[in-house]
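Numbers restart at 1 for each chain; the letters A, B, ... are given by sequence-line order, proteins then strands. Computed over heavy atoms, backbone and side chain alike; hydrogens, waters and symmetry mates excluded.
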Amino acid sequence: MKTKESLLAQALVEAVEKLYQHTMNINDFQFQETRKEFAGDITLVVFPLIKISKTGPEPTGQAIGQYLKDHVADITDFNVVKGFLNISLSQSYWLQTFDAIAQASQFGFASAGSKPRVMVEYSSPNTNKPLHLGHMRNIFLGYSVSEILKANGHSVTKVQIINDRGIHICKSMLAWKKFGQGETPETSGLKGDKLVGKYYVEFEKNYRPQVKALMEQGMEEEVAKKEAPLMKEAQEMLVKWEQKDPETVHLWETMNQWVYSGFNSTYTAMNVDFDKLYYESDTYLLGKSEVEKGLQQGIFYQKEDGSIWVNLEDEGLDQKALLRKDGTAMYITQDIGTAILRFNDYPDTAYQIYTVGNEQEYHFKVLFKILKKLGFAQADQCFHLSYGMVELPEGKMKSREGTVVDADDLMAEMKAIARETAEETGKLENMDDAAKDALHHTIGMAALKFFLLRVDPIKNMLFDPKSSIDFNGQTGPFIQYTYVRTLAIQRKFTEQFGQPEANAAHPASVGNDELQIIQALYNWPAALQKAASTYDPSQIANYCYDLARVYNAFYQHNSIIREEDTAVRNFRMQLTMITGRTLQQAMALLGIEMPERM
RNA sequence: GUCACCGUAGCUCAACUGGAUAGAGCAUCGCACUACGGAUGCGAAGGUUUGGGGUUCGACUCCCUACGGUGACACCA
């Protein structure tokens, strides 16, 4: 396929040479989309050229426009408005472009493995709490970015690090031991992660009054938090765990299994997956030894009390502790170990992308500098895919404030709304219950994923549970509906006229609505590339919405099956099919499935 | 206190990275319609892009400044 720019390139360079005796590279010209209110398919911004032409923007535009029109067959017309040269391209150019798009089975996708391997980390939950709305943004983002990078030719390894170690786990374990009376997911009917989460809350419920009581006796809050009997017990448990006390380790393993099976069912419902899981309990020791190695090499230094530090003041950062004076690992220690382990596991990895909330920007800045100091060249390219919070109207989402939106609950709610809406329309009467149920889930997830992904990741976003998520307008189901309609039309077309021919002759001329669709399809590769280079799925989401909207406008004003002219009818059918295909392939990059009916 | 990010219609979000008259959806009002799938389409109304300076042919975008909202600055994770 010839891009609009490449169509003009040669003649444009020539034009400037002949008219102004100046040699320019095609990349030096500035193009943009022509605004709707003007005639044209592509616009050259002429302001930058007036220095060369030594005349005003108008005459420059006129002169270049005329030259182009005279020398490029596919340019039918041009106009100059202020400093903008609007160029109109022939219908035959657009028809050829459409043919090229239609023939590519995965238009816009780069061939697999043509770019280096990238590792994408996402989700990475703690094992003491169920997944909530904040995780959902993380998970959908990470999954989508992985798919987008694959579509752009990268090999991708999807991973997560599971924070299965530390005092927070011990809190759940302790509370379960004290108050659980042997409760299990089987006996309680609770999902494993919910059960463990319940005992985490239980711990806090009993722990807080203890702290309060100590403070009332005149103890400082800091001290009271450490001295409360429950906390001391939890600390003892952590020590026992580190000493590999069999009973403690066994309980830890049992409760972790509960959590993992709970998480897995949530991941299945979300339709996301991982290529490899990393566990903090496996990586923190490696982190420790790497830090010690770094100390020997003089990259880090040790204070008198025995703690190990790195000095990043040269880099404009601070000093940072890497290992406590008692020799135990910290959060960053573990991350160092994990990163190194991953580079060892997948030596062809060019860099890692960490999908983690923006509150950890400093942490990752530090981490990448440390990796660099340790001699990992990949550190330069490592990227913190930082995203903003999902805020609730009443205030931020923080588990301690008790305003979490649980992931499983929310998915169930979305599904219920999808069911209601579907039943109102009543189009699914001859579908069996299992298929309906799966469909409602697909639609509910589309609404949810699209809602979370259509916003620029770096921005904080708002989720209002009361108004919930819309199914009309700029939404996932709107796009699904458009897709489903393209299939319905195709079915009916086939009934009446047989399979649509892929290479049917084009009509003599096509209307503006049709051109709009071709142009929207043409824009897909650019949207995909931008999404990949900026790690931003919202580019894909907004593209899908645009394409669906343009198609719907066309559909509303033009007949397809009832069109009598065979060539026109076939062509419109082709447009319909390629639109559907593109929507389906694009939405897949957001992790959104397209149903056959809805 | 220092630093980072954000601030666009009543609300939720866009704006091709410096380009034309800042665009969509929701909500409001009004149309279209035997509709090939109406979870639709068309239109109206809604904006001093938080305020104030600057840079230049041209600023939502870059710089400075004030204000507002987040967040980070632990031998927490």
For A:Thr482 and A:Asn552, what are the C-alpha separation, side-chain angles and deciding distance, and is it a side-chain hydrogen bond (donor to acceptor under 3.5 Å, both in side chains)?
-> CA-CA 7 Å; A:Thr482 306; A:Asn552 282 339; 3.3 Å; yes

Would A:Asn256 and A:Asp164 count as a side-chain hydrogen bond (donor to acceptor under 3.5 Å, both in side chains) if you check the C-alpha gap in whole Å, the side-chain angles of each, and the deciding distance to 0.1 Å?
-> CA-CA 8 Å; A:Asn256 273 344; A:Asp164 62 346; 4.6 Å; no

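Here, B:A45 and B:G54 have their C1' atoms 36 Å apart, quoted to the whole Å. For the C1' atoms, the distance from B:G43 to B:A4 is 44 Å, rounded to whole Å. Of the C1' atoms belonging to B:G69 and B:C29, the separation is 34 Å, rounded to the nearest Å. For the P atom pair drawn from B:C76 and B:G18, the interatomic distance equals 43 Å after rounding to whole Å. Comparing B:C11 with B:G47, their C1' atoms sit 15 Å apart, to the nearest whole Å. Using C1' as the reference atom, B:G23 and B:G68 are 26 Å apart when rounded to the nearest Å. Here, B:C62 and B:U49 have their P atoms 16 Å apart, quoted to the whole Å. B:A44 sits 25 Å from B:A39 when the P atoms are compared, rounded to a whole Å.
Stacking between A:Phe47 and B:G19 is present: the aromatic ring centre lies within less than 5.5 angstrom of the base six-membered ring centre, and the two planes differ by under 30 degrees. By the criterion of a centre-to-centre distance under 5.5 Å and near-parallel planes under 30°, the ring of A:Tyr555 forms no stack with the base of B:G41. Stacking between A:Phe84 and B:A20 is shown: the ring centroid lies under 5.5 Å from the centre of the six-membered base ring, and the planes differ by under 30°.
Pair check for B:A44 finds B:U28; Watson-Crick or G-U wobble, both atom distances under 3.5 Å. Across all strands shown, the partner of B:C13 is B:G23, judged by Watson-Crick or G-U wobble contacts whose two distances both fall under 3.5 Å. Figure legend. B:G71 is base-paired to B:C3; pairs are counted as Watson-Crick or G-U wobble with both atom distances under 3.5 Å. Across all strands shown, B:U50 is found opposite B:A66 as a Watson-Crick or G-U wobble partner, with both distances under 3.5 Å. B:C36 is unpaired under the Watson-Crick or G-U wobble criterion, no partner having all donor-acceptor distances under 3.5 Å.
At the phosphate of B:G71, neither OP1 nor OP2 sits under 4.0 Å from any side-chain N or O atom of A:Asn358. Side-chain N/O atoms of A:Lys82 include one lying less than 4.0 angstrom from OP1 or OP2 on B:U21. For B:A14, the OP1/OP2 oxygens have a side-chain nitrogen or oxygen of A:Lys459 closer than 4.0 Å. Between A:Arg485 and B:A39 there is no side-chain polar atom (N or O) within less than 4.0 angstrom of OP1 or OP2. For A:Gln539, a side-chain nitrogen or oxygen approaches OP1 or OP2 of B:A15 to under 4.0 Å. Note on A:Arg549: every side-chain N or O is 4.0 Å or more away from OP1 and OP2 of B:C42. Distances shown here put a side-chain N or O of A:Arg562 below 4.0 Å from the OP1 or OP2 atom of B:C36.
Each of B:A72, B:A77, B:A39 was ranked by its minimum atom distance to the side chain of A:Tyr362; first place goes to B:A72. Distances from the side chain of A:Asn472 to the nucleotides B:G19, B:C26, B:A77 place B:C26 closest. Nearest nucleotide to the side chain of A:Tyr481, out of B:A39, B:A77, B:A20: B:A39. Comparing atom distances between the A:Lys427 side chain and each of B:C57, B:C13, B:A39 picks out B:A39 as nearest.
Taking the six-membered ring wherever Trp is involved, the centroid distance between the rings of A:Phe47 and A:Phe84 falls below 6.0 Å. Separation of the A:Phe554 and A:Tyr551 ring centroids falls under the 6.0 Å cut-off.
Remark on RNA chain B: of its neighbouring residues A:Ile561 and A:Thr534, the 5'-side contact belongs to A:Thr534, judged by nearest-heavy-atom nucleotide. Closest-nucleotide positions on RNA chain B for A:Ala321 and A:Glu596 were compared, and the one nearer the 5' end corresponds to A:Glu596.
Checked for salt-bridge contact, A:Glu495 and A:Arg491 miss the test: no charged N lies under 4.0 Å from a carboxylate O.
Around NZ of A:Lys226, the count of heavy atoms belonging to other residues, nucleotides or ligands within 6.0 Å does not exceed 12.
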